[in-house]
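All remarks here apply to the structure that follows.
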Amino acid sequence: MSSESPNTPAAPLTTTGTRQVPDRVSLDGVETRWDEAWTAQDLYGFDRTATREQVYSIDTPPPTVSGSLHVGHVFSYTHTDVVARFQRMRGREVFYPMGWDDNGLPTERRVQNYYGVRCDPSLPYEDAFTPPFEGGEGKSGPQVPVSRKNFVELCERLTVEDERLFEALWRRLGLSVDWSRTYQTVSAESRAVAQQAFLRNLARGEAYQAEAPGLWDVTFQTAVAQAELEARDYPGAFHRVAFHGSEGPVYIETTRPELLPACVALIAHPDDERYQHLFGTTVRSPLFDVEIPVLAHPLAEPDKGAGIAMCCTFGDLTDVQWWRELQLPTRSVVGRDGRILRETPEWLASDGARARYEELAGKTTFSAREAVVAGLRETGDLDGEPVTTQRKANFYEKGDKPLEIVTSRQWYIRNGGRDEALREALLARGAELGFNPDFMKVRYENWVSGLNGDWLVSRQRFFGVPFPVWYPLDQDGEPQHDAPLLPTEDQLPIDPSSDVPAGYTADQRGVPGGFVADPDIMDTWATSSLTPQIVGGWRTDPDLFSRVFPMDLRPQGQDIIRTWLFSTVVRSHLEHGSLPWSSAAISGWILDPDRKKMSKSKGNVVTPMGLLEEHGSDAVRYWAASARLGTDAAFEVGQMKIGRRLAIKVLNASKFALSFGAADEPLSLDPALVTSEIDRAMLAGLADVVEKATAALEAYDHTRALELSETFFWTFCDDYLELVKDRAYGEPSAETASARAALAIALDVLLRLFAPVLPFATEEVWSWWREGSVHRAPWPTPEPLRTSADPGVVAAAGSALAALRKVKSEAKLPLRTEITAAELVVPAAMRPGVESALGDIRSAGRVTGTLTLVDGDGEACVARDAVLVPPAPKA
RNA sequence: GGGCCUGUAGCUCAGCUGGUCAGAGCGCCGCGCUUACACCGCGGAGGUCGCCGGUUCGAAACCGGCCGGGCCCACCA
């Protein structure tokens with residue numbers, strides 16, 4: 001053997017002990033039985049004395065516990081487990097933790113409904129708090145306000161049960177996770193990591209606070225980041241509205257007439273002939289009679305609408321850009337609740353304008369629009385009727401109302417969105433990362449190249465990781481945002497709404513001269529982007545961290561390349577100056593039979609546990625492993641049935657291969673005993689399979705590896721096993737010993753090849769005749785199997801056997817039928833192979849008389865002039 | 001509008017850098033309870049590789065165009 005992996009036995013194993021093969025083999029109960037055995041042995045426990053070179057570390061995606069797992073999870077987590085098992089057998093010490101994502105909006109909502117509470121960070125912690133009820137799924141009603149700490153405790157209580165169910169499913173599926181290494185994204189440790197990483201970003205100037213217009217969800221009343229946007233179709237209508245110029249009306253078209261009081265300029269393209277004479281002049285807005293400058297800006301598109309746009313603060317992101325670049329005034333009228341601000345703005349001077357505004361104050365944008373349109377009709381400033389249109393609007397991915405743009409103070413982390421050097425550095429990180437499949441890299445590059453701002457990390461929610469920041473209050477009680485009070489790292493995690501900054505006392509909270517907490521929490525990605533640091537012990541266990549980081553693999557879905565993957569790269573680049581992992585494995589979607597992405601709302605989700613119970617875990621894993629990374633796969637029960645058949649075949653073929661000779665007589669695995677040509681040829685073929693399958697798995701191509709092993713295995717069963725079984729049954733001789741050793745060696749290798757995909761069936765068989773677990777056995781290498789024989793001998797002999805079978809099949813006779821004489825037409829290339837295996841061919845084909853070999857061409861052997869003697873009919 | 005993926009037997013998919021590629025499994029048809037397996041075995045039928053051009057001695061594979069499916073980004077006047 002050319003290379004020794006750490007768990008290769010010191011001396012090559014050449015014989016096995018006695019065998020205990022059950023009379024009846026079955027997959028029933030293997031999942032539970034082996035899960036228990038593996039747990040008892042701590043088979044997948046991580047050995048933290050391993051060095052970084054020995055470790056293979058996986059940054060497992062933490063599923064959202066307040067949701068439910070579906071077949072897509074089973075699919076992609078199987079891909080990861082195949083990698084983990086392969087690497088473990090290759091001799092790597094696999095660091096394979098499991099996390100639970102219980103931070104964020106889905107959990108917040110679930111806890112609210114389940115316990116009838118809501119989070120109010122301004123409240124003090126209550127020691128023995130009892131929620132009003134439990135199990136209030138979907139109930140709505142008055143919710144008792146509780147402190148953030150109480151809320152987090154309830155969250156932890158609720159998610160414990162979810163986690164148990166999730167773990168049970170993963171165990172059933174056979175994930176080789178080290179279950180002593182689980183983490184929660186809402187845990188104290190995760191919060192501490194998130195806060196510490198943030199404080200370091202802040203110290204290095206990578207995190208900053210800014211007051212600026214930004215996208216705002218009026219339902220959740222929080223700022224929203226670029227990565228959380230979703231463009232959706234939204235019905236709207238173009239309204240042609242007259243502004244009053246000195247030389248007559250100037251018409252603009254708008255879908256948001258309610259923003260008329262927020263208008264700050266009319267803007268056309270600098271080259272637009274139609275508006276040259278107006279540039280530099282002013283017009284007056286209808287209804288509100290505000291003097292509005294007409295300005296030129298290249299971003300205006302002459303063929304859009306009237307070619308001249310109404311710039312408001314703020315209707316869309318283009319408005320923001322105009323406002324910034326043309327230094328326009330701020331005239332906001334939409335509040336954080338999505339309603340028109342109640343206070344009449346000071347820029348509305350005339351009584352008429354103020355009266356018009358008062359009609360709008362407090363209305364939703366929708367109602368305000370109706371009122372403005374009615375007003376425009378009344379004054380004759382609406383030209384024609386509104387023309388309905390489908391427009392695209394930006395939505396928060398979890399929201400159902402279009403986003404507004406609101407000015408607010410927010411925290412940002414630099415991500416290259418407004419800094420070319422950093423953008424280039426992050427693009428370089430992307431280039432350095434091994435994407436599997438590699439075309440997924442394009443999504444990363446597109447996203448980073450298209451960033452238009454830094455990462456907005458603050459959210460105006462209550463449940464989540466709070467910013468570890470307080471502000472001193474001046475003598476007027478105003479917070480001094482530019483002089484934040486920060487905790488030390490060893491104090492983390494803190495909750496600024498209940499903890500007190502150094503040098504202050506609790507009773508100074510909110511008092512002039514005292515302090516106040518930053519009210520915001522972090523975006524969930526601000527925590528999730530640190531999963532390698534959380535699970536690797538960055539904060540508390542530097543020794544562990546040095547052994548697992550940078551990690552080897554990030555498995556994840558393609559939809560969160562722009563969020564989870566990118567944000568993790570950003571944090572690692574900023575904090576560690578490296579990639580967080582060297583490779584990423586991107587799984588595809590599961591499509592239902594209509595080729596649509598499976599989703600709960602469509603009611604076509606099959607419960608994963610039901611699937612595992614019905615088909616068996618190995619079968620479901622086989623289906624998952626049959627799909628390549630990055631490729632969408634159909635949810636196909638047929639493929640699971642094939643997997644089940646394969647698993648059962650592994651049991652049966654193994655039972656058979658182990659049945660020759662006395663059970664108390666050890667089987668030899670010594671290749672030196674393999675002397676018959678066809679046996680040596682079979683091993684040579686297997687050597688090729690091992691070599692190619694290993695290369696495929698190294699390249700994250702589990703599909704190819706499985707296909708190679710599977711194809712070999714079926715030929716092994718259907719042809720090779722049939723050919724050699726008579727010889728293997730024979731009296732002790734060199735030929736018999738050759739067949740038995742070849743079968744044992746092949747079985748030993750095949751079980752290991754299949755172990756990553758079929759962990760239960762292979763372990764079951766392994767236990768019949770081998771010590772320990774197949775999952776800690778070394779991955780096979782081709783060298784011990786190599787022989788000088790031509791692997792084509794097996795194919796040639798198989799072709800000869802098929803020809804003999806075909807004669808019987810066409811004569812509609814049983815395969816037991818004897819052939820007392822026949823001619824076998826053999827293509828020249830197969831002649832040596834057929835000759836070398838003639839004895840096996842004769843016995844497998846039940847040829848009892850003369851078998852004459854005749855030269856032929858073609859690609860397969862053909863039998864002719866066969867004399868067939870059917871078996872005597874049974875009584 | 002830009003980009004990525006994808007279109008091969010009824011179905012799900014292999015066909016890697018152009019020359020045994022026209023394949024596998026399921027399904028279908030026929031046969032068979034063979035000292036592992038009926039949750040099985042054996043044999044067989046099925047496709048002008050989305051369409052049209054081009055490159056080449058040769059293309060499912062490479063190039064261009066078109067058509068169809070999926071997805072991402074941009075488009076919010």
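Residue numbers start from 1 in every chain, and the chains themselves are labelled A, B, ... in the order their sequence lines are given, proteins ahead of strands.
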- [ ] Give one of base, sugar-phosphate or nothing for A:Asp718, where a contact means two heavy atoms less than 4.0 Å apart.
- [x] sugar-phosphate
Open item on the list: Suppose you measure atom P in B:U48 against the same atom in B:A60; what distance do you get, rounded to whole Å?
Closed with: 13 Å
Open item on the list: Rounded to whole Å, please give me the gap between CG in A:Leu629 and P in B:C4.
Closed with: 21 Å
- [ ] Check the distance between B:A24's C1' and A:Leu706's CG and give it to me in whole angstrom.
- [x] 13 Å
- [ ] Report yes or no: is the cationic atom of A:Arg240 (NZ for Lys, CZ for Arg) under 6.0 Å from the centre of the six-membered ring of A:Tyr251, at an angle within 45° of the ring normal?
- [x] yes
- [ ] Report which part of the nucleic acid A:Glu707 touches: base, sugar-phosphate, or nothing (heavy-atom distance under 4.0 Å, all strands).
- [x] sugar-phosphate
Open item on the list: When the P atoms of B:C26 and B:C40 are compared, how many Å lie between them, rounded to an integer?
Closed with: 9 Å
Task: Nearest-nucleotide pick for A:Leu815, side chain only, options being B:G43, B:C42, B:U12 - done: B:C42
Task: Residue met sooner reading RNA chain B from 5', once A:Phe439 and A:Ser659 are mapped to nucleotides - done: A:Phe439
Task: Electrostatic pair A:Asp618:A:Arg644 at N-O distance under 4.0 angstrom - done: no
Open item on the list: Let's test your reading of the model: under 3.5 Å, does the base of B:A36 pair with the side chain of A:Glu722 as donor and acceptor?
Closed with: yes
Open item on the list: Test of understanding: with salt bridge (Lys or Arg N to Asp or Glu O under 4.0 Å), list the residues that count as partners of A:Asp233, not counting sequence neighbours.
Closed with: A:Lys392
- [ ] Determine which nucleotide pairs with B:C42, using a 3.5 Å limit on both distances of a Watson-Crick or G-U wobble pair.
- [x] B:G30
Open item on the list: Under 4.0 Å, heavy atoms only, any strand: does A:Cys717 hit a base, just the sugar-phosphate, or nothing?
Closed with: base
Open item on the list: Under a 3.5 Å cut-off for both contacts, is B:C37 paired Watson-Crick or G-U wobble with anything, and if yes, with which nucleotide?
Closed with: none
Open item on the list: Below the 4.0 Å mark, does B:G30 have OP1 or OP2 next to a side-chain nitrogen or oxygen of A:Lys812?
Closed with: no
Open item on the list: Under 4.0 Å, counting only non-hydrogen atoms across every strand here, what does A:Trp623 touch: a base, just sugar-phosphate, or nothing?
Closed with: nothing
Task: Whole angstrom value for the distance that separates C1' of B:A36 from CG of A:Leu658 - done: 10 Å
Task: Partners passing salt bridge (Lys or Arg N to Asp or Glu O under 4.0 Å) against A:Asp719 (at least two apart in sequence or in another chain) - done: A:Arg805
- [ ] State which residues pass salt bridge (Lys or Arg N to Asp or Glu O under 4.0 Å) with A:Lys441; sequence neighbours excluded, sorted by chain then number.
- [x] none
Task: Which residue lies more 5' along RNA chain B, comparing A:Arg846 with A:Val442 via nearest heavy atoms - done: A:Val442
Open item on the list: With a 3.5 Å limit on both atom pairs, tell me what B:C62 is paired to, counting Watson-Crick and G-U wobble, or say none.
Closed with: B:G54
TODO: Measure the distance from CZ on A:Phe635 to C1' on B:G70 and round it to the nearest whole Å.
DONE: 20 Å
TODO: Taking only the side-chain nitrogens and oxygens of A:Tyr444, find out if one of them lies under 4.0 Å from OP1 or OP2 of B:G3.
DONE: no
TODO: Inspect the surroundings of CZ in A:Phe366 and state if more than 12 heavy atoms from other residues, nucleotides or ligands are less than 6.0 Å away.
DONE: no
Task: Distance in angstrom units between A:Ile561 CD1 and B:C5 C1', rounded - done: 12 Å
- [ ] Take the angle between the ring planes of A:Phe635 and A:Trp623 and call it parallel below 30°, perpendicular above 60°, tilted in between.
- [x] perpendicular
Open item on the list: If I pick the P atom on B:C39 and the same atom on B:U20, what distance separates them, to the nearest angstrom?
Closed with: 41 Å
Task: Residues, nucleotides or ligands: over 12 heavy atoms within 6.0 Å of A:Glu613 CD - done: yes
- [ ] Could you tell me whether A:Arg562 sits above the aromatic face of A:Trp447, with NZ or CZ closer than 6.0 angstrom to the six-membered ring centre and within 45 degrees of the axis?
- [x] yes
Task: Whole-Å gap separating C1' (B:G30) and NZ (A:Lys808) - done: 18 Å
Open item on the list: I'd like the P distance from B:U12 over to B:G2, given in whole Å.
Closed with: 31 Å
Task: Residues within residues 640-648 of chain A bordering RNA chain B, heavy-atom distance below 4.0 Å - done: A:Ile642, A:Arg644, A:Arg645, A:Ile648
Task: Complement of B:G68, any strand, by Watson-Crick or G-U distances under 3.5 angstrom - done: B:U6
Open item on the list: Using a 6.0 Å distance limit plus a 45 degree cone around the ring axis, check whether A:Arg645 lies over the aromatic ring of A:Trp714.
Closed with: yes
Task: Residue pairs fulfilling side-chain hydrogen bond (donor to acceptor under 3.5 Å, both in side chains) with at least one residue in residues 317-326 of chain A, sequence neighbours excluded - done: A:His297-A:Trp322, A:His297-A:Glu325, A:Gln321-A:Glu325, A:Trp323-A:Thr330
Open item on the list: Please classify the glycosidic conformation of B:G25 as syn (within 90° of 0) or anti (everything else).
Closed with: anti
Open item on the list: Using Watson-Crick or G-U wobble geometry with both distances under 3.5 Å, which nucleotide pairs with B:C13?
Closed with: B:G23
Open item on the list: Roughly how many Å apart are B:G50 and B:C16, using the P atom of each and rounding to a whole number?
Closed with: 14 Å
Open item on the list: As a quick check of understanding, evaluate side chain to side chain donor-acceptor pair (under 3.5 Å) for A:Glu818 and A:Thr848, giving each step before the final call.
Closed with: CA-CA 7 Å; A:Glu818 275 184 33; A:Thr848 53; 3.3 Å; yes
TODO: To the nearest Å, give me how far apart OH (A:Tyr622) and C1' (B:U12) are.
DONE: 11 Å
TODO: To the nearest Å, give me how far apart CG (A:Asp726) and P (B:U35) are.
DONE: 10 Å
- [ ] Can you tell me, in whole Å, how much space there is between the C1' of B:G23 and that of B:A9?
- [x] 10 Å
Open item on the list: What contact category does A:Arg628 fall into here, base, sugar-phosphate, or nothing, at under 4.0 angstrom with non-hydrogen atoms?
Closed with: sugar-phosphate
Task: Atom P, compared across B:U35 and B:C29: separation rounded to whole Å - done: 28 Å
- [ ] Pick base, sugar-phosphate or nothing for A:Lys649, based on heavy-atom distances below 4.0 Å to the nucleic acid.
- [x] base
TODO: Take atom C1' in B:C13 and the same atom in B:A22, then report the distance between them in whole Å.
DONE: 15 Å
Open item on the list: Within the 4.0 Å limit for protein heavy atoms, which parts of nucleotides 72-77 of chain B are touched? Write it as a string from 5' to 3', B for base, S for sugar-phosphate only, - for none.
Closed with: -S-BBB
